[in-house]
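All remarks here apply to the structure that follows.
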Amino acid sequence: MPSIDREIITRFAEAGFQVSPDSLEIIRGYDGPVDHLVDIIVSQVDPSVFVIQPSHLQGINQVEKPPEPETPGEDGKSDETPGPEQPVATEVTGETVSGMDESGGQVGPEMGASGLEDDVEAFGAGARPEVVFDITDRSTCVGEYDDFVRYFRNRYTRIYDILQKRVRSRRPIEAIDKGNGREEIGLIGLVSEIRTTKNGHRIIELEDPTGSFPALINKDRDQVLFEKSRGVIHDEVIGVVGVPSQDGGILYANDIVWPDIPSYTPNRAKEPGYALLLSDIHVGSYEFLDEAWERMIAWLRGEIDDGQGLHEKVRHVVVAGDIVDGIGVYPGQEKDLAIKDVYEQYERAGEYLREIPRRVNLIISPGNHDVVRQAEPQPALPEHIRNILNVPGATYVGSPSLVSLDGVKILVYHGRSIDDLIGAIPGQSYTEPHKTMIEMLRRRHISPIYGSRVSIAPEETDYLVIDPIPDVFHCGHVHTIGVDKYRGVTVVNSGTWQSQTEFQKRMNIQPEPAIAPLVDLQTLQVSTLHFA
Ligand code: D5M
Ligand code: FE
Ligand code: ZN
């Protein structure tokens, strides 16, 4: 295989995509740097895509080349006029240049082949985090029909195993007989449809590997059960206990059982140590709160007294995604961007992260603004982005992933599915993200709904199933703080370091920025530190 092909394939694989042979040929014909092109494609392609096809490359001729790397000592200006072989000069070019000017001469690592500076001291002096599970480098899916069948079967089997002890008189769907009007049976199924009859009763269609069967929740018979059934959502796996009708065509439901977590005794660290939970830094946005960030750094370094010497015990900093603001994430984002080049955003993010004292372990997981496959589970940031970030010693994981910090298992997930779940489950809101995270724990699934805003990559194993039970569950994405305990699990949404953007103002999203939750790994108590 020609090395250029290998490079293209590798770059896409790092970002969690496969490339069709036809696309490979088109990309080969592009004369700019492959990594730049791949990043642009990755950040713009629809998240539901698993294989890059020629139709995804229609704008390829319009992809601009990245600005020439700046060398320190130069006047900081890069080539404003595109080279003669570059026919298209859009508005973005000019903006990119002015964005670069704003960073002045302070640009840290040079962009280029590796970008890595050898003399940067590595993070993490003590016990290292242990990655318990993570999709990174294990993606197997191509996104074909069979992959989805296999994926949902795996979801079903894994949640079945959790549910089976709690659903009495279990029966596979094909073995349901005509009822005698008394005898109860239990079904475990994936919710394939939810509908309301013309009389207002609810019908939940359940699927297992042997067939499909409707369960009826009568709105007049049991108010409590009917209310409970409002929380049933598409594609989750639940148990329903009830009595089959006399003709064997429907199940009259008496109870709904979620896989939920049992009352749980969490692991605790043996030695004193804290984990600082961050997310949604959004470097590159005009709204990134650099002053608040610097206050947090000053606290971490012991330059601001918190009265309790908390900073000394911080052993880990976990970032749950949206390190940078990215490009092209929402309509009109250019207007919100102080740095309009995504590589430069990562360079700056690296500078901010390198201000963190080196004694801590830095754990970095991606979000929907980062340059990586958008379909979940998201793999870790790819190698060339890590090189630009240049924070040696950091542990890069996917989203979700389970990481053990001094024996405490923390489930890190950006939180995109919160958008879908808030819309689907009654009583949820952006101001209380911990409640929605608890709904994920109850369903033992990070992102049950298929085909809504979150797109799911049909991996061989459903990495989105919550098993084993985490000690701490950490999300971000919604830019609001939420801290709670649920049956022994510590639930934290770590907010953001970005104040309200114009887009968020239009969408009526009220962020709570510059608050950092700090988890004591010995007691699992959470303090929230305010840096605004
Ligand atoms: O998401 C930040 C917040 O903004 C999060 O609460 C979701 C919300 N959001 C993001 N995009 C949209 C759209 N298109 N509609 C409604 N709400 C949205 P972040 O991913 O960090 O930018
Ligand atoms: Fe965000
Ligand atoms: Zn996000």
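Both ligands and their constituent atoms are indexed starting at 1 by order of listing. By convention here, the first residue in the shown sequence is residue 1.
Ligand 1 does not have Tyr330 within reach: every non-hydrogen atom of the residue lies 4.0 Å or more from it. Look at His282 and you'll find a heavy atom under 4.0 Å from some atom of ligand 1. Heavy atoms of Gln510 stay at 4.0 angstrom or farther from ligand 1.
Across Arg444, Arg487, Arg443, a single residue satisfies salt bridge (Lys or Arg N to Asp or Glu O under 4.0 Å) together with Asp260, and that is Arg487.
Distances from the Fe ion (ligand 2) show that His414 has no N/O/S atom below 2.8 Å. The nearest N, O or S atom of His479 is closer to the Fe ion (ligand 2) than 2.8 Å.
Phe133 and Tyr463 have tilted rings, their planes meeting at an angle from 30° to 60° on a 0 to 90° scale.
Seen from the Zn ion (ligand 3), atom NE2 on His414 and atom ND1 on His477 lie at an angle near 90° (rounded to 10 degrees). At the Fe ion (ligand 2), the angle from OD2 in Asp322 to OD1 in Asp280 is 90° when rounded to 10°.
In this structure, Tyr486 has its ring center no closer than 6.0 Å to that of Phe473. Ring centroid separation for the pair His369 and His414 does not come in under the 6.0 Å cut-off.
Looking at His282 and the Fe ion (ligand 2) together, the shortest N, O or S contact belongs to NE2. Asp322 contributes atom OD2 as its closest N/O/S atom to the Zn ion (ligand 3).
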Can Asp370 and Tyr346 be said to form a side chain to side chain donor-acceptor pair (under 3.5 Å), step by step? CA-CA 9 Å; Asp370 288 298; Tyr346 279 107; 2.7 Å; yes
Taking it one step at a time, do Asp325 and Gln498 satisfy side chain to side chain donor-acceptor pair (under 3.5 Å)? CA-CA 9 Å; Asp325 210 49; Gln498 183 189 38; 3.3 Å; yes
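Residue Val478 approaches ligand 1 through these ligand atoms, each under 4.0 Å from one of its heavy atoms: 5 (C), 6 (O). Per-residue contacts place Tyr430 under 4.0 angstrom from the following atoms of ligand 1 (heavy atoms of the residue considered): 6 (O). Listed by number with element, the atoms of ligand 1 under 4.0 angstrom from any heavy atom of Ile509 are 4 (O), 8 (C), 9 (N), 17 (N), 18 (C). In summary, the atoms of ligand 1 found under 4.0 Å from a heavy atom of Asn368, numbered by their order in the structure, are 20 (O). Ligand 1 places these atoms under 4.0 Å from at least one heavy atom of Met507: 13 (C), 15 (N), 16 (C). Taking a cut-off of under 4.0 Å to the non-hydrogen atoms of His369, the atoms of ligand 1 that pass are 19 (P), 20 (O), 21 (O), 22 (O).
Proximity of a side-chain donor or acceptor of Arg373 to a complementary backbone N or O of Gln378 within less than 3.5 Å is not detected.
Counting heavy atoms under 4.0 Å from ligand 1, residue Asp280 touches it through the side chain alone. The proximity of Gln333 to ligand 1, defined as any non-hydrogen pair under 4.0 Å, does not occur for either the backbone or the side chain.
Rounded to the nearest 0.5 Å, atoms OG (Ser447) and CD (Glu376) are 5.0 Å apart. Of the inter-residue distances, the one linking Ile297 atom CD1 with Asp290 atom CG reads 11.5 Å to the nearest 0.5 angstrom.
With respect to the salt-bridge test (charged N to carboxylate O, under 4.0 angstrom), the residues Glu205 and Arg195 qualify.
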